[in-house]
Each structure stands twice: as C-alpha cells, then as structure tokens.
Amino acid sequence: MTKEGNRLDPANWDDYRKSMHDLLETCLDRLSSARDLPWHPKPDNMGDQVSLPPMIEPESPDRLFDRISQDIMPYATGNTHPRFFGWVQGGGSPLGVAAELVAATMNSNCGGRDHGATEVERSVINWLCGLAGLPETAFGILTSGTSHATILALSAARYRLFGPDIRTKGVKAFPDISLYAAAGAHSCFEKALEVLGYGSDALRTIPLTGKGQMDLDALQARIAADRAAGIAPLAVIATAGSVNTGNFDPIADLADLCEAEDIWLHVDGAFGFWALLAEAPWSDLCAGIGRVQSIACDFHKWMSVPYDCGACLISDSQLHRDTFLSRPSYLESQNSGLGGGDLWFCDYGLELSRGFKALKVWATLQGYGTDALGAYVTDNCRQARLMGELATASDVLELACPVVSNVCCIRPIKGDASAIAARLQLSGEVVFSTTRINGENCLRAALVNHRTTSDDIRLAVEAVEREVRCSSQEAKA
Ligand SMILES: *Cc1c(COP(=O)(O)O)cnc(C)c1O
C-alpha cells in the first residue's frame with residue numbers, strides 16, 4: 001500500500017525499475033523490427049478489452065505493461081512501416097522515442113517561467129527561422145501540428161490588419177475578410193476561418209494553372225473584386241507541398257504580388273517546408289520562403305519526430321506576441337526566480353500549459369544532423385519520381401498527375417482504386433490512400449518515411465499491378 005504523500009509512486013522502486021526495463025525492451029524490439037510490422041486491423045473486441053468501468057481496480061505494473069504490449073501496441077496506424085505511403089504520416093525515429101521518455105520524466109510545463117526547456121524550444125525556433133531565411137525579427141512557437149499553427153498565423157495576420165481592437169471588440173467591429181488559396185489547399189484553412197468567426201465562405205479558391213500552381217492573374221482579379229466590395233484581404237496562402245499532388249505554389253512570385261498589394265503571405269509547408277533540406281531541384285521549390293509573413297510546418301510528418309509536433313513561424317515577433325499576450329496577476333513575471341525569464345511561450349499562442357515537444361525535435365536535429373535528414377528527404381523525392389516512371393511504363397497503370405516532390409498519384413486503368421487500396425492494406429504489403437484527381441479515383445502515395453527504399457517502391461507497384469490484373473479478371477469472369 002502507498003502512504004500519504006506517496007500515492008502514485010511505486011511502493012518498490014526496484015520492482016518498478018525492472019518492469020519498466022522490460023517494457024523498454026518491448027519498445028526497442030518493436031522499433032528495431034519496423035520493417036516486419038505493417039498495419040494490421042485491430043481485433044473486433046478491442047473496445048471491450050480496453051473499456052474502463054466506473055470504479056477501476058488497479059493492475060500491477062507488470063500486468064499493465066503486458067496488456068499495453070499485447071493488447072494495444074500492435075494495433076498502431078502502421079506508419080512506422082517503410083511501405084506506409086498513405087495520407088502524409090511520418091515514420092518516427094528511435095531518438096524521438098528516447099527524447100519523449102526524458103520529456104515525460106522532466107514533466108516541464110513549457111507555457112512559461114524560467115527553466116531549461118524554454119531554451120531548447122527557443123533554439124529549435126531560431127534554427128527553423130534560419131533555415132527558412134526569415135528576418136532577424138522572426139520568431140515562432142511549436143504547436144500540435146500545422147492545423148493549430150494555421151490558426152495562430154491567421155490570428156497574427158488579422159491583428160496586423162485591424163490592430164489591438166480586434167482582440168477586445170471582435171469580428172463584428174470590423175469589415176469582412178477574405179482568404180486566398182489555390183484549389184487543392186488543405187482543409188485546415190476552412191477550419192481556421194470557422195474558429196476565427198468568419199466562416200469557411202471567406203475562403204476564395206483560386207484556380208490552378210496548367211502547371212498545377214495558383215493562377216496569379218486569377219488571384220489578382222479576385223483580390224480587386226473583393227476590395228471593390230469592401231472586403232479586406234486577410235492573407236494569401238502559398239501551398240508548399242499540396243496534399244493531393246505535392247505541388248508548390250510559386251512563393252517568390254506570390255511574395256512580389258503580396259508586397260505590392262500589402263497582403264500577408266502565409267506558407268502552408270506542412271511537409272513541403274522540408275524540401276529546404278533536400279538537394280536541388282527539390283530545394284528550389286521553396287525559393288522565396290524567407291520573404292513571407294508566416295509559415296506553418298510539421299515535424300511529425302517528414303522530419304520523423306514522434307507525434308505530435310508542428311511549428312508556427314512569424315516574421316514579426318513583436319506582432320506575434322501582441323496578438324496573444326495576456327498576463328493576469330497570477331501569471332505576472334518576476335524579476336528573478338522561476339517566475340522570471342524573458343521568454344514565455346504562452347505569450348505566442350493559445351495554450352497556457354504546454355508539454356516539452358521541443359526536446360524530441362532538438363534530439364532529432366542534433367542527433368541525426370541536417371545532412372542525414374536532407375538525404376532521406378531527397379531519397380523520398382527520387383522514390384516518388386521512380387514510382388511515377390514505373391506507373392507510366394506499366395500497361396495497367398497511369399500516372400494521374402506529374403510528380404513534383406514526394407507525392408505520386410497512380411490510376412489503375414481497371415478496377416476500383418479504393419478496393420485495391422483496401423486489399424493491399426489488409427494484405428500488409430503496402431498502404432496507399434486514395435484521392436480524386438480530375439474527378440477520377442486514384443491511389444496516392446506520399447513518401448515521407450526514412451525507412452523506404454527504391455525496392456519498396458518496386459514491390460509496391462508490382463503489388464498494385466497484380467491487384468489491377470486480378471480485378472480485371474474478376475470483371476471478365
Ligand atoms: C497535414 C497537412 C496539414 C495539417 O497538418 P496537421 O499537422 O495534420 O494539423 C495542412 N496542410 C498540409 C499540406 C498537410 O499535409
């Protein structure tokens with residue numbers, strides 16, 4: 001039995017140490033056999049197995065860890081596997097796992113105050129700003145992902161447009177706004193407009209050119225029409241790596257246009273931001289990114305940091321802080337002691353209590369180094385190109401759109417793409433997701449996994465070809 005003042009710590013630390021070492025071994029076994037562990041479906045009764053009664057009887061650490069290892073751990077999403085190409089999901093890394101263990105042990109609240117975790121996050125943000133080539137005035141904050149970062153960035157854009165009264169008087173005191181993004185932009189912009197109180201109708205979807213990029217003439221015309229109608233342009237979104245096709249809007253041209261129009265330019269670089277670490281020609285896709293007002297990107301996708309972690313960068317840190325600063329008496333800074341410190345991250349976002357996400361990022365950057373990270377980003381782009389070549393050469397597949405970065409969409413000439421994707425997921429061979437390109441269903445691969453090899457690409461394409469042939473035979477029979 002535990003005693004007062006010692007309710008949750010183990011009664012016997014030696015026993016606990018042993019149990020936790022065993023669990024660590026299980027985790028290491030899983031990490032080191034990532035290639036043998038594709039996604040597989042959870043048992044039908046899993047909900048029952050993990051359901052909690054109103055009054056819960058405790059389990060011993062050994063029993064608990066066994067259950068976690070056997071009943072929960074195997075039923076992950078499978079994105080640690082090298083042939084997981086679905087959606088855009090990062091593969092994680094061993095150093096990231098180690099850092100998570102340490103971060104949980106420290107249990108720092110990174111909303112504010114004067115402690116070590118703040119310096120680690122500051123360092124990560126400064127490194128990011130440097131990589132982007134943003135001005136000295138830039139800063140930012142780590143977030144749960146790009147969706148959250150987008151809300152922060154657009155809030156800062158709004159503060160710039162309307163000033164401090166937007167915080168007290170709200171949207172009703174100001175004109176309507178409009179936001180501009182190319183067709184195929186991520187749904188996080190609609191959600192952001194919803195929570196900012198404008199509604200998703202404020203999103204102007206700008207058509208694409210033949211190269212799959214935002215049509216700047218159409219953008220300019222739409223801005224003029226909105227201004228004439230008394231609507232204030234809030235921001236233009238440059239998509240750096242679109243979900244469907246991996247295409248990049250021309251950031252430098254958009255920067256020229258937005259400077260001339262005096263409109264905030266935001267980059268959605270959820271995964272595409274990391275093309276900055278790749279070799280040419282992929283690194284050129286982000287040319288001009290240092291001139292923008294805000295950037296959202298994810299560490300949990302292409303940077304293999306364990307879920308979750310993204311970042312919001314803003315070129316004017318003072319404006320960023322003005323957008324969110326709120327210090328009631330119980331949060332006033334002290335001149336010294338733990339309540340001191342020049343940087344409180346709660347001043348740069350919505351969350352007051354925040355975990356130590358920065359450690360797993362810092363460990364990833366410091367432990368692997370930018371060359372190694374950039375090398376597999378380049379590999380993934382080459383692999384997408386290879387997949388495109390194989391699909392083009394195949395008699396049962398077509399390339400649904402040109403391969404620009406790490407995304408490849410292939411269309412089976414017969415059969416249902418969604419049924420093929422499901423069969424290959426269930427067989428454990430490869431996970432594709434599906435999407436529609438020009439109205440037609442296709443299999444979509446987004447390559448962001450450091451474990452993927454060219455052989456994985458060949459194997460995956462062969463499996464798709466086999467399935468297409470099977471489905472066309474079934475159709476004949
Ligand atoms: C994943 C993604 C998002 C959303 O990011 P989350 O981290 O999932 O919130 C936004 N834009 C693009 C292009 C994405 O790929």
Side-chain angles (χ1 to χ4, degrees), residues 77 79 84-92 96 128 140-155 179-196 200 203 205-206 208 212-214 235-249 251 254 265-276 282 285-286 289 292 294-313 349-351 354-355 357 360-361 364 377 380-381 384 401 404-409 432-435 437 444-449:
T77 28
N79 44 320
F84 186 103
F85 305 153
W87 303 276
V88 192
Q89 301 203 9
L128 267 179
I141 184 170
L142 295 180
T143 63
S144 58
T146 288
S147 299
H148 186 114
T150 300
I151 294 170
L152 303 187
L154 295 184
S155 301
L179 181 69
Y180 305 83
H186 195 268
S187 59
C188 67
F189 297 107
E190 282 157 11
K191 284 199 188 177
L193 287 169
E194 290 166 24
V195 301
L196 288 171
S200 53
L203 182 66
T205 300
I206 308 300
L208 302 176
Q213 300 178 310
M214 193 194 294
V236 171
I237 308 301
T239 296
S242 69
V243 209
N244 256 351
T245 66
N247 224 322
F248 284 64
D249 287 326
I251 300 174
L254 281 168
L265 179 57
H266 171 82
V267 170
D268 176 1
F271 60 93
F273 179 81
W274 302 107
L276 281 169
W282 297 286
L285 292 166
C286 287
I289 199 168
V292 310
S294 58
I295 300 171
C297 64
D298 277 328
F299 281 100
H300 52 217
K301 290 176 175 171
W302 221 346
M303 281 299 102
S304 308
V305 168
Y307 282 88
D308 47 24
C309 189
C312 172
L313 305 179
L350 298 173
E351 290 163 336
R354 312 171 61 245
K357 291 185 202 301
K360 58 190 174 183
V361 176
T364 300
V377 169
N380 289 152
C381 293
C401 55
V404 175
S405 54
N406 60 330
V407 178
C408 181
C409 292
F432 283 93
S433 53
T434 59
T435 190
I437 304 279
R444 174 179 159 286
L447 307 178
V448 291
N449 191 314

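Order of appearance sets the numbers: ligands from 1, and atoms from 1 within every ligand. Since the structure is predicted, the reported quantities are computational estimates derived from the model, not experimental observations.
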Engineer: Where is the nearest protein heavy atom to atom 12 (C) of ligand 1: which residue, which atom, and how far?
Structural biologist: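 Answer for atom 12 (C) of ligand 1: Ala270 CB, 3.3 Å.
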Engineer: Asp298 versus ligand 1: do any nitrogen or oxygen atoms come within less than 3.5 Å of each other?
Structural biologist: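 The answer is yes, given that Asp298 and ligand 1 share an N or O pair closer than 3.5 Å.
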Engineer: Checking contacts here: is it the side chain or the backbone of His148 that comes within 4.0 Å of ligand 1, counting heavy atoms only? Could be both or neither.
Structural biologist: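 Contact part for His148 vs ligand 1: neither.
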Engineer: Output the list of atoms in ligand 1 that are nearer than 4.0 Å to some heavy atom of Phe271, sorted by atom number.
Structural biologist: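 It comes down to these atoms of ligand 1: 15 (O).
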Engineer: Considering heavy atoms of the protein only, find what lies nearest to atom 10 (C) of ligand 1 and give residue, atom and distance to 0.1 Å.
Structural biologist: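 Residue, atom and distance for the closest contact: His186 CG, 3.2 Å.
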Engineer: Name all residues meeting the ring pair (Phe, Tyr, Trp, His ring centres under 6.0 Å) criterion together with Phe273; count only those two or more places apart in sequence or in a different chain, and write none if there are none.
Structural biologist: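 In terms of ring pair (Phe, Tyr, Trp, His ring centres under 6.0 Å), with neighbours along the sequence ignored, Phe273 is linked to no residue.
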Engineer: Sub-3.5 Å donor-acceptor pair from the side chain of Asp298 to the main-chain atoms of Phe271, do we have one?
Structural biologist: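 No; zero donor-acceptor contacts below 3.5 Å.
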Engineer: As an exercise, identify every atom of ligand 1 less than 4.0 angstrom from a heavy atom of His300.
Structural biologist: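 What qualifies from ligand 1 is 7 (O).
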Engineer: Is the backbone of Gly145 close enough, under 3.5 Å, to the side chain of Thr143 for a donor and an acceptor to pair up by distance?
Structural biologist: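 Checking the backbone N and O of Gly145 against the side chain of Thr143, a donor-acceptor pair under 3.5 Å is found.
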Engineer: Which residue and atom name correspond to the protein heavy atom nearest atom 11 (N) of ligand 1, and how close is it?
Structural biologist: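 Ranked first by proximity to atom 11 (N) of ligand 1 is Asp268 OD2, 2.7 Å.
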Engineer: Where on Ser147 is there a heavy atom closer than 4.0 Å to ligand 1, on the side chain, on the backbone, on both, or on neither?
Structural biologist: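 Contact part for Ser147 vs ligand 1: both backbone and side chain.
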Engineer: Does Lys360 use its side chain to pair, donor to acceptor, with the backbone of Asp308 at less than 3.5 Å?
Structural biologist: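 Yes, Lys360 side chain to Asp308 backbone: donor-acceptor pair under 3.5 Å.
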Engineer: Please assess Asn247 against Ser242 for the test side chain to side chain donor-acceptor pair (under 3.5 Å), listing each intermediate value before the final yes or no.
Structural biologist: CA-CA 5 Å; Asn247 224 322; Ser242 69; 5.8 Å; no
Engineer: Could you give the side-chain donor-acceptor pairs of residues 188-196 under 3.5 Å, partners two or more places apart or in another chain?
Structural biologist:
none

Engineer: Starting from atom 2 (C) of ligand 1, what is the nearest protein heavy atom, named by residue and atom, and what distance separates them?
Structural biologist: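 The answer is Lys301 NZ, 2.3 Å.
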Engineer: Angle between ring planes, Trp274 versus Phe299, binned at 30° and 60°: parallel, tilted or perpendicular?
Structural biologist: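 Tilted.
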Engineer: Within the structure, is a non-hydrogen atom of Gly310 found at a distance of less than 4.0 Å from ligand 1?
Structural biologist: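 Checking ligand 1 against Gly310, which is what was asked, there is no heavy-atom contact under 4.0 Å.
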Engineer: So how far is it from Arg444 CZ to Trp87 CH2, rounded to the nearest 0.5 Å?
Structural biologist: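 Here the interatomic distance stands at 9.0 Å.
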Engineer: Check each atom of ligand 1 against the heavy atoms of Gly241 and keep those under 4.0 Å away; list them by number with element.
Structural biologist: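 With Gly241 as reference, the close atoms of ligand 1 come out as 13 (C).
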